[in-house]
Chemist: 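Handing you a structure now.
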There are 2 protein chains.
Amino acid sequence: MSDTGMTAKRQTKGEKTAQRILDAAADLFASQGYDGTSLRQIAQGTGITEPALYNHFASKQALYEAVLHRGLNPMAQALAEHIDGASRLRDYTELPAIMTDLLLEHPQMAALFQQAMQGDANSLGTQLVAAWLERLFDEGRRSLTRYGAVANSGDRDQDNAALAINLIAMFNLTTGYFLSQRAFATLANGNITDPDNIARQKRLLHKVIRAMLVS
Amino acid sequence: MSDTGMTAKRQTKGEKTAQRILDAAADLFASQGYDGTSLRQIAQGTGITEPALYNHFASKQALYEAVLHRGLNPMAQALAEHIDGASRLRDYTELPAIMTDLLLEHPQMAALFQQAMQGDANSLGTQLVAAWLERLFDEGRRSLTRYGAVANSGDRDQDNAALAINLIAMFNLTTGYFLSQRAFATLANGNITDPDNIARQKRLLHKVIRAMLVS
DNA sequence: CAATTAAATTATCAATCGTTAATATTTTGC
DNA sequence: GCAAAATATTAACGATTGATAATTTAATTG
């Protein structure tokens, strides 16, 4: 992570440490969960002492939310660009593949999103991911009613339920792929980030979407 | 849970409490994770004091594994019956729907399975779920080579990777549905356990399998 | 019913958790 | 370069964690 690309505008020492903290925290939270990760581990992973964390984040919870925020931002941005740019139906069918590319750069985030979705309802992490899903849902519904590409039964509740099930399925398929890294290594003796396998997964995603659209 | 059906053979008081402990632990572990759940919570949920737990389970870890074991057993059994009974290809395509019915009786188990799959590799919980997935994989591979229903490229590694991706996708689709209970309630204003929605999910599962088979 | 075993309780433990206070050390901006 | 601000450290805190010992209560069995 850390994204110290060419856009790295002269950042102060403190900002640099903050990024390193976020890097370490993202890996640890993803692999061990929120409760399973201690601030001691994060501090050690960053190479500083525990109380130094508090110069950058007010609490463990705040740090966790910052991790989620930083990870969710690229997704939200890609989604926004995709929607604002061209909202033909075909573009929506490409979203999972785009998300797959984004997650490929930070595979741990998939675990964090799933964990956040299952956390208690009033946690900010849960709300962040939920809001993102809702936006996808709204856009999906809009595009469907606009193009009538899927069974419009006339009953809005039924249509909503069907759409939600499809959306949730695509979400689980897309993120779940990255959650199954170890299982895949055991079963197929390969790596999930291998371009061949990414291509397979994208083909599968397209196939599933197509199957959904023919109702 | 507790399964105090008609098959409840005269169980001693201790065995009865052990089941109640497992019930409480399963709910708590599923909703809060292993580290997020304390033995105090489990004891309180059972209606006993904390050290009394140790009369039934040697440690927190042992209790956790017992929960997984009890939850995984019905799945493994259904899988075994299905395989031994009739191993026509069609039966394999019905497995996800069968698993959906089983999970419907104990929706929390879906979260436990996913958590176990992501836990550290040498934990027994992880190994239990992994072994179960491996069995599914082996059976799937056997049935595919037997019936040649899917692209047999001649390259075993490639076939394995493709099969693993499909299997993992079905696993994530099937369990993920139950993990998205809250998201579904928010989006579609309905409940995932509603028979209509279960029917929708099963139709989706079938559609996806069919899409997989036409390669 | 009585004796034995099983199961529950109270009290307590060391270890670890997130967090704060007080202080020392760098970085930063003029 | 020097003052001010930012960032780090050491030391310690109350709370909670999983677990044990000693003991009392309840259940099982002959």
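So that the names make sense, note that chain A is the first sequence line, chain B the second, and so on, each numbered from 1.
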Chemist: Do any pairs count as a ring pair (Phe, Tyr, Trp, His ring centres under 6.0 Å) and have a residue in residues 114-137 of chain B, sequence neighbours left out, and if so which ones?
Modeler: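 Listed by first then second residue: nothing to list.
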Chemist: Only distances under 3.5 Å count here; give the side-chain donor-acceptor pairs of residues 186-193 of chain B to other protein atoms, sequence neighbours excluded, each with its distance to 0.1 Å.
Modeler:
{"unit_1": "B:T186", "atom_1": "OG1", "unit_2": "B:R182", "atom_2": "O", "d": "3.0"}
{"unit_1": "B:N191", "atom_1": "OD1", "unit_2": "B:T193", "atom_2": "N", "d": "2.8"}
{"unit_1": "B:N191", "atom_1": "OD1", "unit_2": "B:T193", "atom_2": "OG1", "d": "2.8"}

Chemist: Checking A:K60 now: which residues fulfil side chain to side chain donor-acceptor pair (under 3.5 Å) with it, not counting sequence neighbours?
Modeler: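 So A:K60 forms no side chain to side chain donor-acceptor pair (under 3.5 Å) with any residue.
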Chemist: Indicate yes or no: at least one non-hydrogen side-chain atom of A:N172 is less than 4.5 angstrom from one of B:L179.
Modeler: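 No - every pair of side-chain heavy atoms lies 4.5 Å or more apart.
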Chemist: Counting only non-hydrogen atoms, which of residues 54-67 of chain A are less than 4.0 Å from DNA chain D?
Modeler: A:N55, A:H56
Chemist: Rounded to the Å, how far apart are A:L53 CG and D:dA8 P?
Modeler: 9 Å
Chemist: For A:I48 and C:dT26, what is the distance between atoms CD1 and P respectively, to the nearest whole Å?
Modeler: 16 Å
Chemist: Taking 4.0 Å as the cut-off, does a side-chain nitrogen or oxygen of A:T49 come that near to OP1 or OP2 on D:dT9?
Modeler: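 It does, given that an N or O in the side chain of A:T49 lies less than 4.0 Å from OP1 or OP2 of D:dT9.
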Chemist: Is the phosphate of C:dA8 approached by B:T17 (side-chain N or O, under 4.0 Å from OP1 or OP2)?
Modeler: yes
Chemist: Can you list the residues that meet the ring pair (Phe, Tyr, Trp, His ring centres under 6.0 Å) rule with A:Y64, with sequence neighbours excluded?
Modeler: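 By the ring pair (Phe, Tyr, Trp, His ring centres under 6.0 Å) rule, A:Y64 matches A:F29, A:Y34.
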Chemist: What residues from residues 32-41 of chain A pass a heavy-atom cutoff of under 4.0 Å to DNA chain C?
Modeler: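 By residue number: A:T37, A:S38, A:L39, A:R40.
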Chemist: Taking side chain to side chain donor-acceptor pair (under 3.5 Å) as the definition, give me every residue that meets it alongside A:T174, ordered by chain and number, with sequence neighbours left out.
Modeler: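 By the side chain to side chain donor-acceptor pair (under 3.5 Å) rule, A:T174 matches no residue at all.
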Chemist: Take atom CD of B:Q44 and atom C1' of D:dT17, then tell me their distance rounded to the nearest Å.
Modeler: 16 Å
Chemist: Only counting residues at least two apart or in another chain, list the ones meeting ring pair (Phe, Tyr, Trp, His ring centres under 6.0 Å) with A:F113.
Modeler: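 None.
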Chemist: Any ring pair (Phe, Tyr, Trp, His ring centres under 6.0 Å) involving residues 156-176 of chain B? Give me the pairs, sequence neighbours left out, ordered by first then second residue.
Modeler: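 Counting only pairs at least two positions apart or across chains, no ring pair (Phe, Tyr, Trp, His ring centres under 6.0 Å) contact touches residues 156-176 of chain B.
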Chemist: Does any pair with a residue in residues 45-56 of chain B pass side-chain hydrogen bond (donor to acceptor under 3.5 Å, both in side chains), and if so which ones, sequence neighbours excluded?
Modeler: B:R40-B:E50
Chemist: To the nearest angstrom, how far is B:Q11 atom CD from C:dA7 atom C1'?
Modeler: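 So the CD-C1' distance, B:Q11 to C:dA7, works out to 15 Å.
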Chemist: Which nucleotides of nucleotides 21-26 of chain D have their base under 4.0 Å from a protein heavy atom (B), which only their sugar-phosphate (S), and which neither (-), written as one string 5' to 3'?
Modeler: ------
Chemist: Would you please confirm or rule out a distance under 4.0 Å between OP1 or OP2 of D:dT28 and any side-chain N or O of B:T12?
Modeler: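 Indeed, a polar side-chain atom of B:T12 lies that close.
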Chemist: Would you mind listing every salt bridge (charged side-chain N to carboxylate O under 4.0 Å, His left out) that reaches into residues 113-138 of chain B, with sequence neighbours excluded?
Modeler: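 Only B:D138-B:R141 qualify under salt bridge (charged side-chain N to carboxylate O under 4.0 Å, His left out).
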Chemist: Counting distance only, does the side-chain N/O of B:Q108 pair as donor-acceptor with the main-chain N or O of B:S31 below 3.5 Å?
Modeler: no
Chemist: Counting side-chain heavy atoms from CB outward, which of D:dT28, C:dT9, C:dT19 is closest to A:E50?
Modeler: C:dT19
Chemist: Atom CD of A:E15 to atom C1' of C:dT28: distance rounded to whole Å?
Modeler: 12 Å
